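Some notes on the structure that comes next.
All heavy atoms count here, side chains included; hydrogens, waters and symmetry mates do not. Owing to the predicted nature of the structure, the values given are computational and were not obtained by experimental measurement.
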Amino acid sequence: MTTDGFTTCLWFDGQAEEAAHLYVSIFKNSSIGEIARYPEGALQPAGSVMTVEFTANGHKFLALNGGPQFTFTEAVSFMIFCADQEEIDYYWTKFTENGGEPGPCGWLKDKYGLSWQVVPDRLQEMITDPDPAKAARVTTAFMAMSKFDIATLDKAYAGE
């Protein structure tokens, strides 16, 4: 048994390799690893992609072409903590283009239905501020947003 952390398995219906390449193209510190193919007599056509190992932003994943039985839900999402508005805009655009869907409060779905949260890295600090008025203003501000606007959150935090 290895002890070097976890690998997240993502279940797709025929798009595992395409998704792995998309995620690798979006994040730094990313690469495609081994690709396994279905053998003769398997549940999917022989030679079609079964799994794709990949690393995205230093995190290990396995994309599995398992079929249509399971789909992604908002119950699981990946959080991307962003240093500035430029970074938020970058990820928001990359994940919503070509069929992705914006959602509320920094959430979105990529074109495969996988949920992501694109948030300012200091959001947690703002909403847990010891001053409840500051935390409440920021929470009220972000609850009205789709894509986060850091300047608006900063103004709410400052009471402007």
Side-chain angles (χ1 to χ4, degrees), residues 2-34 51-66 70-160:
T2 62
T3 59
D4 61 348
F6 296 96
T7 297
T8 302
C9 181
L10 301 173
W11 182 293
F12 294 91
D13 182 17
Q15 311 98 341
E17 187 173 17
E18 176 187 311
H21 282 284
L22 175 67
Y23 301 145
V24 165
S25 76
I26 292 173
F27 294 102
K28 296 176 183 174
N29 192 20
S30 301
S31 62
I32 298 288
E34 294 184 334
T51 62
V52 179
E53 293 179 345
F54 70 99
T55 300
N57 203 28
H59 184 85
K60 296 183 299 183
F61 290 89
L62 181 80
L64 166 69
N65 277 330
F70 302 109
T71 58
F72 298 118
T73 74
E74 292 85 349
V76 174
S77 63
F78 292 98
M79 295 182 78
I80 306 170
F81 294 98
C82 301
D84 55 33
Q85 191 65 47
E86 182 179 355
E87 197 173 7
I88 287 174
D89 294 346
Y90 169 80
Y91 288 116
W92 195 266
T93 299
K94 290 294 185 183
F95 282 113
T96 58
E97 66 187 4
N98 300 318
E101 300 175 12
C105 306
W107 288 61
L108 59 85
K109 288 183 185 178
D110 66 25
K111 68 183 196 174
Y112 308 105
L114 186 59
S115 293
W116 299 83
Q117 296 180 57
V118 182
V119 300
D121 59 4
R122 64 185 183 276
L123 180 65
Q124 189 65 23
E125 177 184 322
M126 295 168 120
I127 63 173
T128 60
D129 191 285
D131 181 341
K134 284 183 175 182
R137 288 192 306 265
V138 170
T139 301
T140 299
F142 85 68
M143 294 294 280
M145 295 178 182
S146 182
K147 177 176 74 172
F148 280 118
D149 180 321
I150 293 176
T152 300
L153 293 174
D154 286 341
K155 286 179 183 178
Y157 189 69
E160 297 174 14

Subject >> Non-hydrogen atoms of Ala141 and Met145 that approach each other most closely >> reply: O-CG, 3.4 Å
Subject >> Rounded distance [0.5 Å steps], CZ in Arg122 versus CZ in Phe81 >> reply: 13.5 Å
Original post:
What is the ring orientation for Phe70 with Trp11, classed by angle as parallel under 30°, tilted 30 to 60°, or perpendicular over 60°?
Top reply: perpendicular
**OP:** Starting at CG of Leu62, measure out to OG1 of Thr51 and round the result to the nearest 0.5 Å.
**Re:** 5.0 Å
Subject >> Nearest-0.5 Å distance that lies between atom CZ in Phe54 and atom CG in Leu10 >> reply: 5.5 Å
Subject >> Phe27 versus Asn57, closest heavy-atom pair with distance >> reply: CB-N, 3.6 Å
Original post:
What residues, two or more places apart in sequence or in another chain, satisfy side chain to side chain contact (heavy atoms under 4.5 Å, CB included) together with Ser115?
Top reply: Glu74, Ser77, Trp107, Lys109
Original post:
For Asp84, what residues pass the salt bridge (charged side-chain N to carboxylate O under 4.0 Å, His left out) criterion, not counting sequence neighbours?
Top reply: none
Donor-acceptor contacts under 3.5 Å from residues 13-22 side chains, at least two apart:
| residue | atom | partner | partner atom | Å |
| --- | --- | --- | --- | --- |
| Gln15 | OE1 | Asp13 | N | 3.0 |
| Glu18 | OE2 | Lys111 | NZ | 3.3 |
| Glu18 | OE2 | Tyr112 | OH | 2.7 |

Original post:
Salt bridge or not for Asp89 and Lys147, using N-O below 4.0 Å?
Top reply: yes
**OP:** Enter the distance from Ser31:OG to Lys60:NZ here, rounded to the nearest 0.5 Å.
**Re:** 12.0 Å
Original post:
Which residue, Ile88, Val119, Leu123, forms the side-chain contact (heavy atoms from CB on, under 4.5 Å) with Cys82?
Top reply: Ile88
Original post:
When rounded to the nearest 0.5 angstrom, what distance separates CE in Met126 from CG in Leu153?
Top reply: 5.5 Å
Original post:
Would you call Tyr90 and Ile26 a side-chain contact if the rule is heavy atoms closer than 4.5 Å?
Top reply: yes
Original post:
Between Leu108 and Tyr91, is any pair of side-chain heavy atoms under 4.5 Å apart?
Top reply: no
**OP:** List the steps and the verdict of side chain to side chain contact (heavy atoms under 4.5 Å, CB included) for Arg137 and Asp129.
**Re:** CA-CA 11 Å; Arg137 288 192 306 265; Asp129 191 285; over 6 Å; no
Original post:
What is the distance from atom CG of Leu114 to atom OG1 of Thr73, rounded to the nearest 0.5 Å?
Top reply: 10.0 Å
Original post:
Between Lys155 and Asp149, is the closest basic N to carboxylate O distance under 4.0 Å?
Top reply: no
**OP:** Test Glu87 against Asp121 for side chain to side chain contact (heavy atoms under 4.5 Å, CB included), laying out the working first.
**Re:** CA-CA 10 Å; Glu87 197 173 7; Asp121 59 4; over 6 Å; no
Original post:
Can you name the closest pair of heavy atoms from Pro102 and Thr96 and give their distance?
Top reply: N-CG2, 4.0 Å
Subject >> Crowding at CD, Glu97 (>12 non-hydrogen neighbours, <6.0 Å) >> reply: yes
**OP:** Evaluate the ring planes of Trp116 and Phe78, with Trp represented by its six-membered ring, and classify them as parallel (under 30°), tilted (30 to 60°) or perpendicular (over 60°).
**Re:** tilted
